[in-house]
Amino acid sequence: MNSSSSLIYRDLVLVGGGYAHLLFIRSWCMQPVAGIRVTLISPLTELAYSGMLPGYIGGEYSYSEIHIDVVRLCQRAGVRLVLDTVLAIDNLGKKLTLKTHSSLSYDILSLNTGSASSHDVPGVNQYAISLKPVALFIPLWLKSFDQLQSADKSIRICLVGGGAGAVESILGMSRHCASNKSIKIKPVFTLVSAEAELLPGYPRKVANQALEQLNAAGVSWLGGHRITRVEPKYLFTGSSFSELITYDLLFWCTEATAPSWLRETNLACDEDGFLKVNSSLQSISDPDIFGAGDIISFPNPLAKAGVFSVRESPVLKDNLLARLLDMPLKEYRPQTRFLTLLQLGEDFSSGAYGPVSISGHWVYRWKKAIDISFMKSLQMLYQQQEKMTKEVHGLPHALMKESIDPMLRCAGCGGKLGGTLISSVLTDIQGTYTPEDAAIIQLPGQKLVQSTDLIRAPINDAWLFGRIATQHAMNDLLAMGVQPHSLQVGLTLPYAAERIQRRDLHQLLSGINSVCKESNTLLTGGHSAEGSDLLLCLTVNGNLPEDSEPLKKSGLKKGDLLVLNKPLGSGVILAAHMQGLCPGPVLSYALDSMQISNLKGSRWLIDQGQRCCTDLSGFGLLGHLAELLQQSCCEIELTLDSFPLLPGAQELATQGIASSLLDQNRQYVDEFNVYSTELLNEMAAKSLLNLLLDPQTSGGLLAGISPELKTEAEKIGFRVIGKVI
């Protein structure tokens, strides 16, 4: 049993990946507090550092240099990550309404979502590309850059905004376009600001240097032009056509605005919708809600600058823990002067500290060093983490090769027992073993089809795990062409305080029930227990009419095409995630794939009168394919270049990352003795062998179809990977 110090007693939920929260997670990684579970809610797997965005736009930084992998950072810090968006706060019930997940409860809540550009001008949402949020801006900027490369005339680029971000960004765009030889016809840049002065709030010397850089780059500045309406190709500054500005590409970087959902809470907000807090960064209307960065508002307002979020972070951390542990809060005292540095050229920066201004190449080098140091302080936590493999002590040398580390054993389908172990034991007990996806039980007038699946959570998001495990369990019936009608749950919840278990159970069952509703399946009950891990055992039931035959693992015949409807690689991706080595976007795409139901493909196979099908799970594609070949007594020809793979899976496999079930799957396939040596060698040469042996969690359907159905099969997502010869 877990020690009491490792149990969870309180939930601290962080909404948003702002600087203060990222620095909190960095601190938590170094010094966590027992009994407290930290959860970060963010819709993004990667977060960009806005201070380096102008340099990225200008071509000085790569994508990876300005991004923090939130998935790997949270994995390293032991922070639960929920990839979702907050829609509402019920602070009386201490619950958050999320876009896709079930409602999430908290004990203490912290908000650090940052801000977005104001879009209250008619037409902005339809025709402008906003620089905030950065995650949406970057792909649109890259697409715009492609447009510039193929243009046969000069493109008029207009950026609306007069602050530091707007000035830095349009200068970055200008630098990138000027230095890129693939852009034959250089665009024309115009910066439009409502204020008559450039960079209001900065010393005039800094503003003048920015204007000089704009002029040197050929960027026109139109000050004192407040945009009242946006239409295709036109910006209106008044009511008549004589008061308009023309453009081809429009970017938007205006004053900060608060999230719309914050205004709809009963929390006290200022007239602009930002959360009112006291000197302890605590909401003035709810002592259990805190905030930092652009989303908060003090009685004496501060500028919306990242420097404040960074400076607020240590006070926020101390006060969040103090509130959880019933200790006194600290006071945050914002500095009256703060340093701001702007990148105005390829190697030129200007800045200010209060009324004092500085500029030059040395300022650029200083700014670059500060930015890179900040990023490395976060990135190094997961990029340079120690090896997960631990040395085993105390075993005799002869037993070392059999030693295992439970911490390194995979979860999901990678945590199942090997096929050789299962088949040998069942053969000993029953005398024979013929694998099928589900059991068919003859009842009066009908056949009951039933399957049970046990799976250990590979992720710490209980709602998402519930969805994936349910889709996975239903696959056994869908592989036989049977629609599930009921499901029962057996589960083990980790040891924790009762309030925490209540929340986790709610998340888990909500995830399971969401899939049941989507598939018209009744959740009928089950059984529960406590344990060291989050486990699910799902029993799925369905009916087969008396005169109907299910899809089976036999029935392939000469000429049939072998098809698959989901990409491979979930095993290696989950293995990499458990070791803290999986890039966030790679994991996110795999989790999305695992939530896709096979119901559509199953119904299509039945409607088309097909005979042979199985689903991919723990034994990998080759293991399940071997079962089909043995029972159908046939030979097939695989098209190795046609196998669909999850993004990033092959790269992880070539790095030597593999599921702990891989060796057992290889042994299972070898015992069937159905593959030619030439084929296995070719798969190994193409770095495909391990991926074709990779255990799949909620994998796709592997089926044989008549060749005349190829076009229709491809329309619903099947992909041909071979044929029966």
*So, do His176 and Phe145 have ring centers that fall under 6.0 Å from each other?*
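Yes, the ring centres sit under 6.0 Å apart.
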*Taking the six-membered ring for Trp, are Tyr19 and Phe374 ring centroids under 6.0 Å apart?*
yes
*Lys NZ or Arg CZ of Arg229 over Phe236 ring: under 6.0 Å, within 45°*: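 Yes, a cation-pi geometry.
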Supply the atom-to-atom distance [X] [atom1] to [Y] [atom2], rounded to the nearest 0.5 angstrom.
X: Leu378; Y: Arg72; atom1: CG; atom2: CZ; result: 13.5 Å
X: Ile108; Y: Tyr106; atom1: CD1; atom2: OH; result: 8.5 Å
X: Ser193; Y: Leu199; atom1: OG; atom2: CG; result: 9.0 Å

Side chain to side chain, [X] and [Y], heavy atoms closer than 4.5 Å:
X: Leu87; Y: Lys99; result: yes
X: Val160; Y: Thr254; result: yes
X: Ile129; Y: Leu250; result: no
X: Leu109; Y: Leu96; result: yes

Thinking salt bridges, do [X] and [Y] make one under a 4.0 Å N-O criterion?
X: Asp248; Y: Lys233; result: yes
X: Asp504; Y: Arg37; result: yes
X: Asp90; Y: Lys95; result: no
X: Asp107; Y: Arg503; result: yes

*Does the side chain of Tyr63 come under 3.5 Å of the side chain of Glu46 through a donor N or O and an acceptor N or O?*
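Present: a donor and an acceptor within the cut-off.
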_Polar side chain donor-acceptor pair, Tyr382 to Asp69, under 3.5 angstrom_ = no
*Flag if over 12 foreign heavy atoms under 6.0 Å of CD, Glu331*: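 More than 12 within 6.0 Å, yes.
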*Looking only at heavy atoms, what is the nearest atom pair of Ala164 and Tyr202, with distance?*
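Smallest interatomic distance, heavy atoms only, reads CB-OH, 3.5 Å.
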*Step by step, work out the salt bridge (Lys or Arg N to Asp or Glu O under 4.0 Å) result for Glu518 and Arg467.*
CA-CA 11 Å; Glu518 293 168 5; Arg467 284 186 57 82; 3.0 Å; yes
*Any pair counted as ring-ring contact (aromatic ring centres under 6.0 Å, His included), so long as it reaches residues 77-105, sequence neighbours left out*: His101-Trp463
_For Arg323 and Asp288: C-alpha separation, side-chain torsions, deciding distance, then whether salt bridge (Lys or Arg N to Asp or Glu O under 4.0 Å) applies._
CA-CA 7 Å; Arg323 183 65 183 172; Asp288 289 334; 2.7 Å; yes
*Take Asp270 and Arg263 through the test salt bridge (Lys or Arg N to Asp or Glu O under 4.0 Å) and record every step on the way to the result.*
CA-CA 9 Å; Asp270 66 12; Arg263 297 173 182 267; over 6 Å; no
